[in-house]
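Please read the structure below before turning to the comments.
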Amino acid sequence: MSAENDGERHAIAPRRVSFDWRRTPLHWIPDEPTATHVINVLHLLLPAGERWFVKVFKEALPLVADPELLKDVKGFMGQEATHSVQHSYVLQHLAHQGLDTGPYTRHVDFLFERLLGERPPFGAPISTREWLRFRLSLIAAIEQFTAVLGDWVLRAEGLDRADPDPVMLDLLRWHGAEEVEHRAVAFDMYEYTGGRDLPRYARRVLGMSVTAPVLFYLWAWGAAYLLRHDPLLTGPTRYSLRAHNKAVRKGLLPTWRELGGAIPRYFKRSYHPSQEGSLRTAVAYLAGSPAARAAAGAVGRTAIS
């Protein structure tokens with residue numbers, strides 16, 4: 001179902017935003033390389049990951065006969081495609097600053113394009129429909145975490161106090177607000193296409209059981225990679241839980257409880273992602289986001305001309 005705001009249907013649609021990275025420093029949270037790079041892992045994972053979301057949803061579109069769900073799914077796909085493009089531009093900006101992410105992102109590309117492609121890897125004897133359902137369950141589980149992260153970044157007063165680069169903060173909050181805005185679409189798509197009740201629930205649990213450890217591993221590996229190759233840091237710099245937890249205490253990163261708590265909630269049979277975050281807060285941010293407002297203005301000028 002599409003989101004509801006004060007009892008009214010809330011339309012999900014992409015915003016054609018753009019960001020000017022020319023003045024954004026490599027350490028966009030001043031004097032906080034660990035927090036900067038833990039968040040920067042988003043840019044490593046999302047270009048390929050969100051392209052993959054769109055590809056899998058395109059495969060599943062013929063299964064959707066519900067017009068409201070179909071409308072939401074198409075809006076979701078448009079938003080995810082835009083997210084992928086904008087995070088790709090950040091990777092280009094990092095490269096211009098001397099931080100080459102290619103050796104890491106090649107592994108991410110392999111994961112999504114080969115291991116999770118249209119056909120099961122290694123000739124695994126899985127039917128086309130079951131393989132599609134499994135991948136949809138993975139997307140629903142990933143979207144559980146993106147909704148939690150989106151809600152966190154919209155409320156992260158610690159980031160405001162740290163005087164971060166305003167363009168990067170706007171990117172993160174624009175993206176986070178759209179994740180809250182469409183927080184239920186991937187889940188609804190999976191539930192709609194997932195088949196009978198008990199196998200559908202079991203596959204949902206399996207999807208999260210696979211997603212959570214893989215995602216946490218990729219995040220730790222990505223943060224370690226960025227810190228190790230950061231040209232502004234002198235000497236070998238390793239990712240450490242001590243530095244991470246220090247950033248958490250400052251409010252620069254979400255707490256482990258906020259992240260870990262998303263898992264048992266998702267395992268409840270009665271769970272629905274509409275419980276995550278505040279649509280009102282997300283829509284309010286999107287109404288004031290510099291990038292989103294500029295995109296809306298560009299659309300309005302095009303319509304008039």
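Heavy-atom basis, side chains included; hydrogens, waters and symmetry copies ignored.
The side-chain heavy atoms of Leu206 and Ser137, taken from C-beta on, include no pair separated by under 4.5 Å. Between Lys74 and Ile12 the shortest side-chain heavy-atom distance does not fall below 4.5 Å. Within the 4.5 Å cutoff, the side chain of Leu115 has heavy atoms near those of the Phe110 side chain. Asp230 places a side-chain heavy atom less than 4.5 Å from the side chain of Leu26. Using a 4.5 Å heavy-atom threshold, the side chains of Asp109 and Arg51 count as touching. Using a 4.5 Å cut-off on side-chain heavy atoms (C-beta onward), Val283 and Val180 make no contact. For the pair Trp131 and Val56, the minimum side-chain heavy-atom distance is 4.5 Å or more. Side-chain contact between Asp188 and Val73 is absent, with no heavy-atom pair separated by less than 4.5 Å.
The two residues Ala184 and Pro273 have their closest heavy-atom pair at CA-CB, 3.9 Å. Shown here for Leu138 and Gly207, the closest heavy-atom pair between the two residues is CD2-O, 3.6 Å. Scanning both residues, Phe57 and Ala186, for their nearest heavy atoms gives CZ-CA, 3.9 Å.
Under the side-chain contact (heavy atoms from CB on, under 4.5 Å) criterion, Ala291 pairs with Val17, Phe19, Asp170, Ser289, sequence neighbours left out. Pro25 meets the side-chain contact (heavy atoms from CB on, under 4.5 Å) test with Asp165; sequence neighbours excluded. Ile263 is linked by a side-chain contact (heavy atoms from CB on, under 4.5 Å) to Phe145, Met208, Ala212, Phe267, counting only residues two or more places apart in sequence or in another chain. With sequence neighbours excluded, the residues that form a ring pair (Phe, Tyr, Trp, His ring centres under 6.0 Å) with Phe112 are Trp52. With sequence neighbours excluded, the residues forming a side-chain hydrogen bond (donor to acceptor under 3.5 Å, both in side chains) with Arg155 are Asp151, Glu258, listed by chain and number. Gln97 pairs by the side-chain hydrogen bond (donor to acceptor under 3.5 Å, both in side chains) definition with His93, not counting sequence neighbours. Applying the side-chain contact (heavy atoms from CB on, under 4.5 Å) test to Asp100 and every residue at least two apart in sequence or in another chain returns Pro103. Evaluation of the salt bridge (Lys or Arg N to Asp or Glu O under 4.0 Å) rule for Glu113 yields no partner, not counting sequence neighbours. Legend: residues meeting ring pair (Phe, Tyr, Trp, His ring centres under 6.0 Å) with His43, ordered by chain and number and at least two apart, are His87. By the side-chain hydrogen bond (donor to acceptor under 3.5 Å, both in side chains) test, Gln86 pairs with no residue at all, sequence neighbours left out. By the side-chain hydrogen bond (donor to acceptor under 3.5 Å, both in side chains) test, Arg269 is found to be paired with Asp197, residues two or more places apart in sequence or in another chain being considered.
Counting only N and O atoms by type, the side chains of Glu80 and His182 include a donor and acceptor under 3.5 Å apart. Between Gln79 and Glu179, the side chains place no donor N or O within less than 3.5 Å of an acceptor N or O (distance only, hydrogens not considered). A side-chain donor-acceptor contact under 3.5 Å links Glu276 and Tyr271. No donor-acceptor contact under 3.5 angstrom links the side chains of Arg183 and Ser274, judged on distance only.
Annotation: the span from Met77 atom CE to Asp72 atom CG amounts to 13.0 Å, rounded to 0.5 Å. Taken to the nearest 0.5 Å, the CD1 atom of Ile29 stands 11.0 Å off from the CG atom of Asp163. Considering CG of Leu116 and CG of Leu111, their distance stands at 5.0 Å, rounded to 0.5 Å. For the atom pair Leu63 CG and Leu70 CG, the distance stands at 11.0 Å (nearest 0.5 Å). Rounded to the nearest 0.5 angstrom, Thr105 OG1 and Tyr225 OH are separated by 7.5 Å. Rounded to the nearest 0.5 Å, atoms NE2 (His83) and CG (Leu171) are 9.0 Å apart.
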Exercise for review: Determine, step by step, whether Thr146 and Ile142 satisfy the side-chain contact (heavy atoms from CB on, under 4.5 Å) criterion, reporting the C-alpha distance in whole Å, the side-chain angles of both residues, the deciding distance to 0.1 Å, and the verdict.
Suggested key: CA-CA 6 Å; Thr146 59; Ile142 294 170; 4.3 Å; yes
Exercise for review: Decide yes or no on side-chain contact (heavy atoms from CB on, under 4.5 Å) for Leu45 and Tyr104, but give the supporting numbers first.
Suggested key: CA-CA 9 Å; Leu45 299 177; Tyr104 179 92; 3.6 Å; yes
Check your understanding: Can you check side-chain contact (heavy atoms from CB on, under 4.5 Å) on Leu159 and Trp152, steps first, answer last?
Key -> CA-CA 11 Å; Leu159 279 179; Trp152 172 79; 3.9 Å; yes
Point to revise | Tyr89/Leu94 under side-chain contact (heavy atoms from CB on, under 4.5 Å): CA gap, chis, key distance, verdict | key: CA-CA 9 Å; Tyr89 291 150; Leu94 294 180; over 6 Å; no
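With ring centers used as reference points, Phe216 lies 6.0 Å or more from Trp219. Ring-centre distance between Trp21 and His96: not below the 6.0 Å cut-off. Checked against the 6.0 Å centroid threshold, Trp174 and Tyr285 do not count as a close aromatic pair.
Other residues, nucleotides and ligands contribute only 12 or fewer heavy atoms inside 6.0 Å of the CG atom of Asp31. Heavy atoms from other residues, nucleotides or ligands lying under 6.0 Å from CD of Gln275 number more than 12. Within 6.0 Å of the OH atom in Tyr192, the count of heavy atoms belonging to other residues, nucleotides or ligands exceeds 12. Under a cut-off of 6.0 angstrom, the local environment of CZ in Arg228 is crowded, with over 12 non-hydrogen atoms contributed by other residues, nucleotides or ligands. Surrounding CZ of Arg265 are more than 12 heavy atoms belonging to other residues, nucleotides or ligands, all under 6.0 Å away.
A continuous path of ILVMFWY side-chain contacts below 4.5 Å connects Leu226 to Tyr217, so both sit in one hydrophobic cluster. Hydrophobic clustering (ILVMFWY, side-chain heavy atoms < 4.5 Å, transitive): Leu241 and Ile39 are in one cluster. A single hydrophobic cluster is not seen to contain both Val41 and Val148; linkage of ILVMFWY side chains at heavy-atom distances under 4.5 Å, directly or through other members, places them apart.
Contacts classified as side-chain hydrogen bond (donor to acceptor under 3.5 Å, both in side chains) and involving residues 234-246 (residues at least two apart or in different chains) are given here: Tyr239-His244, Asn245-Trp256.
Cation-pi check for Arg204 over Tyr266 is met; the charged atom lies under 6.0 angstrom from the ring centroid and within 45 degrees of its normal.
Put simply, the side chain of Arg135 gets close to the backbone of Gly117: a donor and an acceptor are under 3.5 Å apart. With hydrogens and angles disregarded, a donor-acceptor distance shorter than 3.5 Å links the side chain of Thr82 to the backbone of Gly78.
Using a 4.0 Å cut-off between charged side-chain N and carboxylate O, Arg15 and Glu181 make a salt bridge. Salt bridge present: Arg203 and Glu130 bring a charged side-chain N and a carboxylate O closer than 4.0 Å.
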